[in-house]
Amino acid sequence: MAGEPQADCLFCKIVEGHVPADVVRESETTIAFRDINPQAPTHVLVIPKAHYPDAASLAAAEPGVVADILTEAGRIAADEKIDDHGYRVIFNTGAGAGQTVFHAHLHVLGGRGLQWPPG
Ligand code: AMP
Ligand code: ZN
């Protein structure tokens, strides 16, 4: 069923506590942890606890959780003090855009200069 944990999903395993993660925030619907291969001084992933393969499928099924993810991203940016200078939030969607984990996740990146447009 949509949103149910998937046995072969790394991020479902993090939600369930079966794979360790450096968790920085948690809410009723979301969990946020540091990326294992950080691309900036602050690089946090905010994910829904429910399993959806990408942002659009999450938005179609549970739009309120998309708002929760963005609210959490803002709080993380404030906690990490990257909000003054500016930070970036990204949902890579599809393998061609660099998505490697097919459980929706928002990258929160900051703490260095960020080029636009991204590669
Ligand atoms: P994406 O390429 O947009 O699908 O992002 C997946 C991200 O998950 C990458 O930036 C990885 O470095 C990160 N990642 C993979 N495994 C883990 C893990 N066990 N804990 C934290 N981050 C991870
Ligand atoms: Zn999952």
Side-chain angles (χ1 to χ4, degrees):
M1 218 172 86
E4 294 300 313
Q6 301 294 302
D8 59 349
C9 174
L10 173 64
F11 288 178
C12 284
K13 288 178 187 158
I14 287 177
V15 171
E16 290 169 334
H18 297 155
V19 167
D22 186 358
V23 173
V24 297
R25 287 192 67 87
E26 189 169 358
S27 74
E28 198 180 324
T29 57
T30 68
I31 186 162
F33 51 89
R34 294 195 192 280
D35 196 293
I36 206 167
N37 181 23
Q39 302 302 312
T42 293
H43 187 173
V44 172
L45 304 175
V46 189
I47 73 169
K49 288 182 174 174
H51 177 93
Y52 292 92
D54 56 31
S57 57
L58 171 65
E62 303 201 38
V65 178
V66 179
D68 294 343
I69 288 171
L70 288 166
T71 301
E72 289 294 292
R75 291 180 179 143
I76 290 159
D79 289 349
E80 300 271 322
K81 299 184 175 27
I82 57 173
D83 51 341
D84 276 355
H85 179 75
Y87 62 98
R88 189 164 290 156
V89 288
I90 302 164
F91 281 106
N92 291 327
T93 302
Q99 188 177 3
T100 58
V101 178
F102 289 83
H103 177 131
H105 52 279
L106 181 69
H107 294 260
V108 181
L109 290 152
R112 64 164 169 82
L114 296 164
Q115 302 297 315
W116 189 261

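The basis for the numbers below is simple: all heavy atoms, side chains too, and nothing from hydrogens, waters or symmetry mates. Everything numeric in this text was worked out from a predicted model, so none of it was measured. One-based numbering, in listed order, for ligands and for the atoms of each.
- Only one option out of L106, V44, T71, V89 pairs with I76 in a side chain to side chain contact (heavy atoms under 4.5 Å, CB included); it is V44.
- In terms of heavy-atom proximity, P5 sits nearest to E16 at CB-OE2, 3.4 Å.
- Close approach to H105 involves these atoms of ligand 1, each under 4.0 Å from a residue heavy atom: 1 (P), 3 (O), 4 (O), 5 (O), 6 (C).
- Atom ND1 is the N, O or S atom of H51 at the shortest distance from the Zn ion (ligand 2).
- Within the 4.0 Å heavy-atom cutoff, A21 does not count among the residues contacting ligand 1.
- Residue-level proximity to ligand 1 for F102 is absent, since no heavy atom of it falls below 4.0 angstrom.
- The distance from ligand 1 to the heavy atoms of N37 drops below 4.0 Å at these ligand atoms: 12 (O).
- Nearest-heavy-atom check against atom 14 (N) of ligand 1 across I36, D22, L10, D54 picks out I36.
- The pair R34-E80 meets the salt-bridge criterion, since a charged nitrogen lies less than 4.0 angstrom from a carboxylate oxygen.
- Here H105 and H107 bring their ring centres to under 6.0 angstrom of each other.
- In the model, S57 has a side-chain atom that pairs as donor or acceptor with a side-chain atom of D54 under 3.5 Å.
- Among all heavy-atom pairs drawn from D83 and A78, the shortest one is OD2-CA, 3.6 Å.
- Each of the atoms 8 (O) of ligand 1 lies under 4.0 Å from some heavy atom of F11.
- In the vicinity of R34, heavy-atom distances shorter than 4.0 Å reach the ligand 1 atoms 21 (C).
- Counting heavy atoms under 4.0 Å from ligand 1, residue N92 touches it through the side chain alone.
- Here the heavy atom of the protein found nearest to atom 4 (O) of ligand 1 is T100 N, 2.7 Å.
- Within the listing of ligand 1, atoms 1 (P), 3 (O), 5 (O), 10 (O) sit less than 4.0 angstrom from a heavy atom of H107.
- Heavy atoms of Q39 found under 4.0 angstrom from ligand 1: none, in either backbone or side chain.
- C9 contributes SG and C12 contributes SG; the angle these two atoms make at the Zn ion (ligand 2) is 110°, rounded to 10°.
- Here the heavy atom of the protein found nearest to atom 2 (O) of ligand 1 is G98 O, 2.7 Å.
- Within 6.0 Å of CD on E4 lie more than 12 heavy atoms contributed by other residues, nucleotides or ligands.
- Between R75 and E72 a salt bridge is recorded (basic side-chain N to carboxylate O distance below 4.0 Å).
- Here the options are E26, E62, E28, the test is salt bridge (charged side-chain N to carboxylate O under 4.0 Å, His left out), and the partner is K49; only E26 passes.
- Contact record, I47 with F33: CD1-CE2, 3.8 Å, taken as the closest heavy-atom pair.
- Atom ND1 is the N/O/S atom of H103 found closest to the Zn ion (ligand 2).
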*Show the numbers, then the answer: is there a side chain to side chain donor-acceptor pair (under 3.5 Å) between T29 and D68?*
CA-CA 7 Å; T29 57; D68 294 343; 2.7 Å; yes
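- Contacts between L45 and ligand 1, counted as non-hydrogen atom pairs separated by less than 4.0 Å, involve the side chain only.
- Considering only non-hydrogen protein atoms, atom 9 (C) of ligand 1 sits nearest to D35 OD2, 3.3 Å.
- Polar contact check, Q99 against ligand 1: no nitrogen or oxygen pair lies under 3.5 Å apart.
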